[in-house]
Amino acid sequence: MSKFIINGPIKLSGEIDVKGAKNAALKIIPASILSKEKIIITNLPKIEDVKKSLDLLAYLGAKIEKRDEKTVEINPKNINQAELNPELAKKFRASVMFVGPLLARFGEVKFPHPGGCVIGAGGRPIDVFLEGFSALGAEIDAGENYYRLRAKKLTGAKFFFTKLISVTATESIMMTACLARGKTVLENCAMEPEIKSLADYLNAQGAKIKGAGTPTMEIEGVKKISAGSFAIMPDRLETGSFAIMAAATKSKIKINNCIPEHIRVLLEIFKKIGVRFEKGKNFLKIFPTKNIKPYNIKTHEYPGFPTDLQPPYTVLMTQAEGQTLVHETIFDRRLLFADSLAQMGANITVCDPHRLLVNGPTKLYGKKLTSPDLRAGIALIIAALGAFGQTEISNIEQIERGYENIVGRLKKLGADIQKIK
Ligand code: EPZ
């Protein structure tokens, strides 16, 4: 098992480029199944989950050509089966994104219960997906550890996301409805920027999706969707993680190739807590701030405070002058990293599985830690950069599956970080 060794405290400086959004890439790759024509995807992040998604697509019969480090050409014409390889599919949660497009194209699909990181109730349930697919006319046969969906013909329907707002379920039902017969109305949809970006692409290829990025979508089914080129948007969660990293280490850094508008809620909070920044259309400059004020957050679907920035923000609040209440409403088990922070010296009280109290400012000290999930991992890196002494973080595969070349990029900012086997 590899691990990161980080020595602190250290001030960062310089510039960092944001990569393509993982959570956009993991949807456009399976979306290529909706068409029989070639798609070119650019600005792909070089991360494990993208590799797994492309491997799964190749397993189904698509021809994939790497044009360069960040560009692939996919020819989905010869996809000849609708059964997800369990070994491949169980390795990452986003394999669930293949289900809708396969159902729409072949009228049936067989897949294992998706795997992935530990956050989320009961191993990341997919009940909302299944409700949506059955609303479109699919029959669901649940086996011991697989599901088979069949739909002689998918028919547009009115569907309200009653249980909760789900990003990937919204994207999945949206994609499937594109090829259903007739009109679908989806209500209480997620509004993340990646959803609108996917819908805009599909509309450019002949789909008829209205209202993506708002709570209600109307989708007219079409017979065929063509394909073109899709540029993956900058990763707003990388942008937010690096902005918080700068604030927490009182560093001056410039973040390039980003869309500050996509992390508006964090920037509004920065104004309230005293973190100085300057933003342009595609860059964000963070300036060192002496005193940071506490500010309570409650995670919420977009455009609210993203759950994926909650762990980094919690680390920042260990340096704020006062008490902060952090309320994680989206995922269970997303406060697991709190005891690692406490081991480093943070004054943290976990009130219940969804709420914690942080009192600051506290000095943090290097410790041997394990990263429970992707975003907790980057949070522990942020804590280690500002901590006194050496920190060792294991289970870093979780971090590398979402942050391309994180060691190289942080070294460029002056961080003292090594990866050791
Ligand atoms: C997407 O996950 C992102 N992943 C997550 O990013 C992100 O944290 C999350 O949205 C919330 O913004 C991708 O886009 C690949 P949800 P998703 O469905 O869609 C429950 C990261 O670190 N739920 O919006 O899986 C679920 O357990 C990842 O990049 C059901 O109960 O999240 C969670 O508690 C982590 N039944 C809540 O809904 C379902 O059928 C919201 O999850 C589906 C979800």
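Please read these numbers as outputs of a predicted model, since none were measured by experiment. Residues take their numbers from the sequence shown, with the count starting at 1. Counting starts at 1 for both ligands and their atoms, following the listed order. Side chains included, hydrogens not; waters and symmetry mates left out as well; all remaining heavy atoms used.
- Each of the following atoms of ligand 1 lies closer than 4.0 Å to a heavy atom of Arg334: 8 (O), 22 (O), 35 (C).
- Of the charged side-chain nitrogens involved, at least one lies within less than 4.0 Å of a carboxylate oxygen, so that Lys419 and Glu400 count as a salt-bridged pair.
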Check against salt bridge (charged side-chain N to carboxylate O under 4.0 Å, His left out), Glu404 and Lys22
CA-CA 10 Å; Glu404 176 184 332; Lys22 166 176 84 80; over 6 Å; no
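- No side-chain donor from either of Gln310 and Thr299 sits under 3.5 Å from a side-chain acceptor of the other.
- Listed by atom number, the atoms of ligand 1 under 4.0 Å from Phe129 heavy atoms are 40 (O), 43 (C).
- The atoms of ligand 1 that sit less than 4.0 Å from any heavy atom of Leu374 are 21 (C), 22 (O), 29 (O).
- Atoms of ligand 1 found under 4.0 Å from any heavy atom of Thr307 (numbered from 1 in listed order, with element): 8 (O), 11 (C).
- Contact annotation: for Val167 versus ligand 1, heavy atoms closer than 4.0 Å belong to both the backbone and the side chain.
- For ligand 1, the atoms sitting less than 4.0 Å from at least one non-hydrogen atom of Ile330 are 33 (C), 34 (O), 37 (C), 41 (C), numbered in the order shown with element in parentheses.
- Below 4.0 Å from some heavy atom of Arg93 lie the following atoms of ligand 1, by number and element: 25 (O), 43 (C).
- Atom numbering of ligand 1 starts at 1 in the shown order; those under 4.0 Å from a heavy atom of Ile126 are 39 (C), 40 (O).
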Audit row: Thr249, Ser251, side chain to side chain donor-acceptor pair (under 3.5 Å) steps and yes/no:
CA-CA 5 Å; Thr249 55; Ser251 305; 2.6 Å; yes
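- By the side-chain hydrogen bond (donor to acceptor under 3.5 Å, both in side chains) test, Arg409 is found to be paired with Glu238, residues two or more places apart in sequence or in another chain being considered.
- At a cut-off of 3.5 Å, with distance as the only test, a side-chain donor of Ser394 or Thr370 sits close to an acceptor on the other residue.
- Applying the 4.0 Å criterion to heavy atoms of Val128 picks out, from ligand 1, the atoms 36 (N), 39 (C), 40 (O).
- Within the 4.0 Å heavy-atom cutoff, Glu301 does not count among the residues contacting ligand 1.
- Checked by atom type, the side-chain pair Tyr403/Arg375 shows a donor-acceptor distance below 3.5 Å.
- Judged by the shortest distance from any of its heavy atoms, Glu194 lies outside the 4.0 Å radius around the atoms of ligand 1.
- In Thr168, the parts holding a heavy atom less than 4.0 Å from any atom of ligand 1 are both the side chain and the backbone.
- Contact annotation for Asp127 and ligand 1: heavy atoms of both the backbone and the side chain come within less than 4.0 Å of the ligand.
- In this structure, Arg401 does not pair ionically with Glu397, as no charged nitrogen and carboxylate oxygen lie closer than 4.0 Å.
- Residue contacts with ligand 1 for Met97 are absent, since no atom lies close enough (heavy atoms, distance under 4.0 Å).
- Annotation: Glu171 places no N or O atom under 3.5 Å from an N or O atom of ligand 1; distance criterion only.
- Judged by distance alone, the side chains of Lys298 and Asn296 never bring a donor and an acceptor atom under 3.5 Å apart.
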Show me the donor-acceptor pairs, under 3.5 Å and distance only, between side chains in residues 51-59 and residues at least two apart or in other chains.
| from | atom 1 | to | atom 2 | distance (Å) |
| --- | --- | --- | --- | --- |
| Lys51 | NZ | Asp55 | OD2 | 2.8 |

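- Of the listed residues (Pro125, Pro311, Ala21), the one carrying the non-hydrogen atom nearest atom 43 (C) of ligand 1 is Pro125.
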